[in-house]
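Let me begin by presenting the structure, written as structure tokens, before commenting on it.
Per chain, numbering begins at 1; letters A, B, ... match sequence-line order.
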Protein chains: 2
Amino acid sequence: MKRSSVKELLHSNKFLQEVHVKGWVRTFRSNRFIALNDGSTINNIQCVVDFENTNEELLKRITTSAAVSITGTLIESEGKGQTVEIKVTKLEILGDSNPDEYPIQPKKHSLEFLRENAHLRIRTNTFSAVMRVRSALSFAVHKYFQENGFNYVNTPIITGSDAEGAGEMFHVTNFDANKAPVNEEGNIDYTQDFFGKETNLTVSGQLEAETYAMALGKVYTFGPTFRAENSNTTRHLAEFWMIEPEVAFNDLDANMDLSEDFIKSVLGYVLENCKDDLAFLDNRLTQEEKSKPQAQRSDMSLLEKLNFVVNNNFKRVSYTEAIDILRNSKPNKKKKFQFPVNEWGVDLQSEHERYLVEKHFKCPVILFDYPATIKAFYMRLNDDGKTVRAMDVLFPGIGEMVGGSQREERLDVLKTKMAELNIEEEELWWYLDTRKFGTAVHSGFGLGFERLVLFTTGMGNIRDVIPFPRTPQNAEF
Amino acid sequence: MKRSSVKELLHSNKFLQEVHVKGWVRTFRSNRFIALNDGSTINNIQCVVDFENTNEELLKRITTSAAVSITGTLIESEGKGQTVEIKVTKLEILGDSNPDEYPIQPKKHSLEFLRENAHLRIRTNTFSAVMRVRSALSFAVHKYFQENGFNYVNTPIITGSDAEGAGEMFHVTNFDANKAPVNEEGNIDYTQDFFGKETNLTVSGQLEAETYAMALGKVYTFGPTFRAENSNTTRHLAEFWMIEPEVAFNDLDANMDLSEDFIKSVLGYVLENCKDDLAFLDNRLTQEEKSKPQAQRSDMSLLEKLNFVVNNNFKRVSYTEAIDILRNSKPNKKKKFQFPVNEWGVDLQSEHERYLVEKHFKCPVILFDYPATIKAFYMRLNDDGKTVRAMDVLFPGIGEMVGGSQREERLDVLKTKMAELNIEEEELWWYLDTRKFGTAVHSGFGLGFERLVLFTTGMGNIRDVIPFPRTPQNAEF
């Protein structure tokens with residue numbers, strides 16, 4: 001008999017018909033009611049066992065997380081909380097789950113404990129909801145770009161370039177530790193390594209994506225990137241997924257438009273397609289907020305926040321305006337900032353970004369035209385000679401969601417900048433070629449996917465929105 | 001004035017209206033006709049310059065790959081090969097391209113030469129077509145799974161496990177070469193490395209995906225995987241993208257159904273959505289075939305091959321049947337195989353797979369139920385005790401496109417197998433947990449994405465279907 005998913009059955013009205021379903025027991029109460037889940041939805045289907053006519057040994061094996069096969073009659077439920085249920089006629093245990101050994105019991109576990117059981121935490125409501133939303137968000141990303149004429153580009157993960165400039169890199173090698181061959185000059189002989197040169201894990205696909213944008217027009221990457229930085233925070237991972245669109249002929253204004261339209265579109269997609277999971281996560285966050293002091297609670301629920309972002313314009317503010325606002329702000333005057341804002345040119349700290357977004361504007365903010373000295377070499381210099389066409393999209397509770405810029409398209413200006421920063425032209429000969437042959441204005445940005453998932457799900461730690469997080473001292477599973 | 005894409009204009013009938021377009025010059029002939037491309041389509045739009053009233057210095061700068069901005073009137077074309085063209089009223093050079101220096105001239109270059117210029121080869125018709133098809137195929141993959149209730153799972157790239165069993169691994173480390181700290185016993189002290197243990201680049205996300213399938217039901221991965229193998233062939237890459245669906249409650253038959261339905265669906269998507277690019281690639285392959293001796297030419301054109309796969313059933317053949325066919329085949333009897341097929345149990349070589357697919361069945365073939373001794377530890381043992389529920393999908397010209405299996409769901413059988421192969425239980429404690437707590441029949445497969453792109457585009461070398469290929473001694477760009 002054909003198997004139905006729990007999701008199908010919950011939306012079915014084939015009452016009094018025989019149905020067949022397989023899944024895992026979430027709870028079994030009163031020796032009678034199985035809450036069965038198969039991952040197709042956060043909701044369980046209630047399966048009612050005729051316990052008086054069921055073997056006692058079999059009943060004992062209906063434990064949390066046991067895999068079962070159930071055949072029965074779909075009926076309208078008289079109980080609270082569900083509209084349909086299955087009157088079980090046949091029940092088979094496919095795989096037992098010994099309750100004395102199974103680590104995840106039907107009670108509240110700490111997120112830290114669940115992280116240590118990342119292979120099993122997906123069996124909880126919270127993590128199954130988070131990961132289904134993550135999956136839907138991924139698809140929304142591809143859908144948005146594909147429907148808007150972008151081509152997906154897989155830029156290399158192993159890179160021979162160390163000039164990407166976005167952070168510390170992991171080494172990739174085929175040499176055994178401390179057994180790398182040495183040449184006559186006493187240096188490591190990388191010509192004998194797998195790729196014949198030193199290689200690292202990429203920190204960004206931007207530079208390669210630019211070469212593709214200068215031919216295909218609109219491109220995007222969506223792949224893993226890496227940072228070998230010892231950041232043990234709730235916002236950093238050593239391995240994370242990044243989305244990097246790059247568009248020929250777009251200036252910074254068009255780039256800001258793209259980032260805003262993109263974020264609104266993908267959030268709109270999950271609001272439409274993940275209603276049950278978001279309702280659960282909304283409720284979860286509301287419960288969690290209740291344990292906080294009143295002053296620290298959010299004004300908005302998760303769903304309100306998501307709808308607010310979709311329905312309101314992001315505030316666009318130049319770095320210079322932002323500095324003025326911060327300089328004259330209460331916390332600055334009262335010396336409440338750890339890093340006081342006194343002069344134009346300083347890099348903004350998390351506390352400043354949070355003040356702007358959470359206290360001053362109370363909405364996502366796009367800061368633009370940053371001082372050249374605090375930004376990357378490839379960003380386009382403004383006519384003032386001191387600012388570059390950079391932009392950061394800042395989100396409440398998250399901080400930097402997007403970092404982007406119009407790229408320096410002028411070969412001479414780019415070369416001068418690289419010389420100032422001691423970036424060798426030979427390292428990036430192919431990148432310079434894009435400015436040599438048919439250069440044009442172009443722009444792009446990078447969005448850390450896990451930060452988007454964090455915002456969308458209302459989770460508090462980035463380690464809880466990726467299946468198997470990689471962080472300092474942690475590469476389990 | 002709003003910019004239009006070349007694709008939009010070619011499908012527009014806004015004749016006599018003013019239009020604006022930006023792109024790169026593909027060719028400029030008779031001092032008058034610019035073939036302009038912006039990457040939105042393989043087709044160029046013809047822009048007709050009023051050369052008698054145009055500055056001669058400006059005309060000289062209209063060279064291959066120069067970036068230009070054009071405003072003009074859209075008119076019906078009288079020329080051959082296009083229906084619309086632009087009568088140019090304003091032309092601006094955005095970025096020059098010195099024809100004496102630009103490496104890619106409008107003539108036929110060798111694929112090898114273009115590989116060395118991977119940052120510029122995307123500006124050719126062939127590579128832009130290949131990469132647009134690759135992008136569309138990627139989207140078709142996500143679309144298929146998402147519409148069929150699968151959840152996308154990002155399994156880790158950096159792995160602490162070396163038991164994935166699919167091939168040689170690259171090391172990932174934060175230690176400088178030959179400067180790794182050593183502990184008191186004289187061994188490398190990996191507790192001081194970034195992750196506190198030895199780490200490698202993943203060869204497969206399957207084992208982690210299985211843990212997710214046992215909660216979400218249907219999942220798939222689509223991400224980069226790595227092989228540190230010195231294979232310098234037209235079918236191997238050190239870094240490639242792999243698609244790995246995994247489905248709870250699916251047996252091997254359902255797994256075969258899924259692989260066949262999936263491949264047909266994604267090929268159907270590109271046949272529908274990449275008509276212009278596939279027509280170009282079809283013609284390209286036909287031209288290339290003409291240079292081959294008659295006997296080596298394919299019976300079918302590229303489009304015929306793609307349609308053939310979409311419209312015909314894959315042939316399902318057990319390993320045992322395949323051995324019988326091979327043993328009694330002409331090439332085996334005439335000793336034409338390099339590896340003669342004499343007895344049951346031998347591993348099939350590429351020459352055998354090609355005989356079965358290209359000569360005997362002349363269609364994609366799914367081989368199943370292989371000898372246990374030549375397959376991985378996690379494959380389900382059949383009742384005969386000597387074969388496992390493995391399957392390989394073999395494609396003409398490509399060989400193995402898919403490798404998959406029903407997984408061994410029985411804890412005791414799996415443990416016995418691991419012990420036989422000296423795989424430590426402590427290494428895979430989390431994997432064993434899936435068999436311990438609510439185990440169930442499940443199956444999945446891996447499909448090398450570049451092999452699918454290779455088949456779909458009719459290209460001959462896998463290095464030509466990924467933007468920046470990584471192979472032994474090569475990690476440029």
Side-chain angles (χ1 to χ4, degrees), chain A residues 22 24 38-40 65-67 94-95 97 102 119 122-123 128 132 135 138-139 142 146 149 151-154 156-158 160 170-174 177-178 180 188 194-197 199 208 211-212 215-217 224 228 239 241 249 430 433 437-440 467-468 470 472-473 475-477, chain B residues 22 24 38-40 65-67 94-95 97 102 119 122-123 128 132 135 138-139 142 146 149 151-154 156-158 160 170-174 177-178 180 188 194-197 199 208 211-212 215-217 224 228 239 241 249 430 433 437-440 467-468 470 472-473 475-477:
Chain A
K22 289 177 180 173
W24 295 272
D38 66 357
S40 60
S65 225
L94 302 173
S97 179
Y102 184 60
H119 62 309
I122 186 63
R123 302 181 182 198
S128 70
R132 272 188 301 263
S135 170
S138 294
F139 186 58
H142 286 291
Q146 298 272 342
N151 283 288
Y152 183 43
V153 178
N154 293 124
I157 309 300
I158 298 172
F170 288 105
H171 308 306
V172 175
T173 181
N174 221 4
N178 287 357
I188 307 291
F194 189 91
F195 295 109
K197 63 192 297 193
T199 50
E208 289 91 352
T211 70
Y212 265 50
L216 296 181
E239 172 181 315
W241 286 65
F249 312 119
W430 50 273
D433 269 5
F437 304 118
T439 192
F468 299 95
R470 267 67 183 113
Q473 295 295 309
E476 266 300 326
F477 311 103
Chain B
K22 289 177 179 172
W24 295 271
D38 67 357
S40 61
S65 224
L94 302 173
S97 179
Y102 184 61
H119 63 309
I122 186 63
R123 302 182 181 199
S128 70
R132 272 190 299 264
S135 169
S138 294
F139 186 58
H142 286 291
Q146 297 273 340
N151 284 288
Y152 183 42
V153 178
N154 293 125
I157 309 300
I158 297 172
F170 288 105
H171 308 306
V172 175
T173 180
N174 222 4
N178 288 357
I188 306 291
F194 189 92
F195 294 108
K197 62 191 297 194
T199 50
E208 288 91 352
T211 70
Y212 265 51
L216 296 181
E239 172 181 314
W241 286 65
F249 312 119
W430 50 274
D433 268 5
F437 305 116
T439 192
F468 300 95
R470 267 66 184 112
Q473 296 295 310
E476 267 299 326
F477 312 103

Requested in this report: Sort out for me which of Tyr212(A), Phe468(A), Tyr102(A) touches chain B most, counting heavy-atom pairs under 4.5 Å.
Outcome: Tyr212(A)
Query raised in the report: At a heavy-atom separation under 4.5 Å, does Trp241(B) approach chain A through its side chain, its backbone, both, or neither?
Result: side chain
Query raised in the report: Just by modelled atom types, is the Ala180(B) backbone N or O under 3.5 Å from a matching donor or acceptor in the Asn178(A) side chain?
Result: yes
Query raised in the report: Does the Thr199(B) side chain pair with the main chain of Val172(B), one donor and one acceptor, at a distance under 3.5 Å?
Result: yes
Query - Student check: side-chain heavy atoms of Glu208(B) and Pro156(B) closer than 4.5 Å - result: yes
Query raised in the report: Using non-hydrogen atoms only, which part of Lys197(A) is less than 4.5 Å away from chain B: side chain, backbone, both, or neither?
Result: side chain
Report summary line: Interface check, chain B: of Asp433(A), Asn174(A), Val153(A), Ile158(A), most non-hydrogen pairs under 4.5 Å belong to Ile158(A)
Query - Euclidean distance, Glu476(A) CD relative to Phe195(B) CZ, rounded to 0.5 Å - result: 12.5 Å
Query - Proximal component of Ile188(B), with respect to chain A [non-hydrogen, under 4.5 Å] - result: side chain
Requested in this report: Could you look at Ser128(B) and say if it's the side chain, the backbone, both or neither that has a heavy atom under 4.5 Å from chain A?
Outcome: both
Query raised in the report: For Trp24(A), is it the side chain, the backbone, both or neither that has a heavy atom under 4.5 Å from a heavy atom of chain B?
Result: side chain
Report task. Name the option with the most non-hydrogen atom pairs under 4.5 Å to chain B; the candidates are Pro472(A), Gly196(A), Ser135(A), Gly95(A). Result -> Ser135(A)
**Report entry** Residue Ala66(B) versus chain A: region with a heavy atom under 4.5 Å
**Finding:** backbone
**Report entry** Heavy-atom pairs under 4.5 Å with chain B, option from Ala475(A), Gly160(A), Gly217(A) with the top count
**Finding:** Ala475(A)
Query raised in the report: Nearest 0.5 Å, what's the CZ-OG1 distance between Phe170(B) and Thr173(A)?
Result: 9.0 Å
Query raised in the report: Which bit of Pro224(A) comes within less than 4.5 Å of chain B, counting heavy atoms only: side chain, backbone, both or neither?
Result: side chain
**Report entry** Which portion of Glu239(A) sits near chain B, non-hydrogen atoms under 4.5 angstrom
**Finding:** side chain
**Report entry** Arg123(A) side-chain N/O to Leu216(B) backbone N/O, donor-acceptor pair under 3.5 Å
**Finding:** no
Query raised in the report: Does the pair Leu94(B) and Phe249(A) meet the rule for a side-chain contact (heavy atoms from CB on, under 4.5 Å), with working shown?
Result: CA-CA 10 Å; Leu94(B) 302 173; Phe249(A) 312 119; 3.8 Å; yes
Query raised in the report: Okay, side chain of Gln146(A), backbone of Phe139(B): is any donor-acceptor separation there less than 3.5 Å?
Result: no
Report summary line: Ranked by heavy-atom pairs below 4.5 Å to chain B, first place among Gly438(A), Gly39(A), Ala440(A) goes to Gly438(A)
